[in-house]
Chemist: 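I am attaching a structure below and will ask some questions about it afterwards.
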Amino acid sequence: MALGTDAAAEKSAAADEHDYLFTGEPGDLAADWWVLAACDGQEPEIFFPLSPQDVRAKEKAVAICAKCQVREQCLTTAMADRSLVGIWGGTDELDRARLREHTAGR
Ligand code: SF4
């Protein structure tokens, strides 16, 4: 399915937003573990589905995350930064919101 102009621009913006983590610049949260990320080189749209209803993309991403040796670090990063979108550590934004609620309720 071809993406419309708005969808393509939205996806590009999400990928650009994500890039700051991998530049090695100050504030690069992932500099020490990103080199081991199993998603390195994967299609960005798998990890940045345009909607929560894109179950296929999420399933693909979660399967990759399940085999990733830096999953814990990745999830910790995403849990700490509520602005991050997409799949991190095998979770999407909704999963992480639920995890935060669960943790806060303890
Ligand atoms: S846990 Fe998933 S999103 Fe995080 S670095 Fe590994 S493969 Fe990438």
Side-chain angles (χ1 to χ4, degrees):
M1 178 172 70
L3 293 174
T5 305
D6 290 346
E10 198 174 319
K11 182 188 293 183
S12 176
D16 288 347
E17 182 178 335
H18 197 238
D19 279 349
Y20 82 95
L21 292 164
F22 312 118
T23 62
E25 298 295 327
D28 182 350
L29 300 174
D32 57 342
W33 53 266
W34 176 245
V35 293
L36 299 173
C39 56
D40 188 19
Q42 296 287 333
E43 295 292 322
E45 53 269 17
I46 297 173
F47 288 86
F48 300 99
L50 292 177
S51 90
Q53 286 74 41
D54 191 349
V55 176
R56 279 187 164 180
K58 181 178 178 182
E59 286 176 351
K60 286 181 185 175
V62 168
I64 294 168
C65 293
K67 299 175 185 171
C68 181
Q69 59 186 311
V70 291
R71 183 178 177 185
E72 186 176 331
Q73 294 94 323
C74 181
L75 180 57
T76 298
T77 298
M79 290 294 287
D81 186 345
R82 292 170 189 259
S83 72
L84 293 177
V85 297
I87 307 296
W88 289 75
T91 67
D92 64 12
E93 299 95 290
L94 185 57
D95 297 329
R96 292 191 294 276
R98 289 180 180 142
L99 281 171
R100 288 186 193 101
E101 284 179 19
H102 179 73
T103 304
R106 288 185 182 172

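FYI, side chains are in, hydrogens and waters are out, and symmetry mates aren't considered; it's all heavy atoms of this structure. These numbers come from a predicted model, not from an experiment.
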Chemist: Once rounded to the nearest 0.5 Å, what's the spacing between atom CG of Asp54 and atom CG of Asp92?
Modeler: 11.0 Å

Chemist: Using the side-chain hydrogen bond (donor to acceptor under 3.5 Å, both in side chains) criterion, which residues pair with Glu101? Sequence neighbours excluded.
Modeler: none

Chemist: Out of curiosity, Thr91 OG1 to Leu75 CG, how far, rounded to the nearest 0.5 Å?
Modeler: 5.0 Å

Chemist: How many angstroms lie between CD in Glu93 and OG in Ser83, if you round to the nearest 0.5 Å?
Modeler: 10.5 Å

Chemist: Take atom CZ in Arg100; do more than 12 heavy atoms of anything else shown fall under 6.0 Å from it?
Modeler: yes

Chemist: Taking all atoms of both residues into account, what is the closest heavy-atom pair of Lys60 and Ile46, and its distance?
Modeler: CB-CG2, 3.7 Å

Chemist: Tell me, do Ile64 and Phe47 make a side-chain contact under 4.5 Å, heavy atoms counted?
Modeler: yes

Chemist: What I'd like to find out is whether the side chain of Ile87 reaches to under 4.5 Å of the side chain of Pro49, using heavy atoms alone.
Modeler: yes

Chemist: Salt bridge or not between Lys58 and Asp95? Use side-chain N to carboxylate O under 4.0 Å.
Modeler: yes

Chemist: Report, as yes or no, whether the 6.0 Å neighbourhood of atom CD on Glu72 holds more than 12 heavy atoms from other residues, nucleotides or ligands.
Modeler: no

Chemist: Are Cys65 and Trp88 packed together at the side-chain level, in the sense that at least one heavy-atom pair is separated by less than 4.5 angstrom?
Modeler: no

Chemist: Quick check: closest heavy atoms across Cys74 and Gly89, and the distance to 0.1 Å?
Modeler: SG-N, 3.2 Å

Chemist: Tell me if a side-chain donor or acceptor on Gln69 pairs with a main-chain N or O of Ala37 at a distance below 3.5 Å.
Modeler: no

Chemist: Could you grab the distance from atom OG1 of Thr103 to atom CZ of Arg96, nearest 0.5 Å is fine?
Modeler: 13.0 Å

Chemist: Are Leu84 and Val70 joined in one hydrophobic group, where the rule is that I, L, V, M, F, W and Y side chains link up if heavy atoms are under 4.5 Å apart?
Modeler: yes

Chemist: Quick check for you: to the nearest 0.5 Å, what is the distance between Arg71 atom CZ and Cys68 atom SG?
Modeler: 9.0 Å

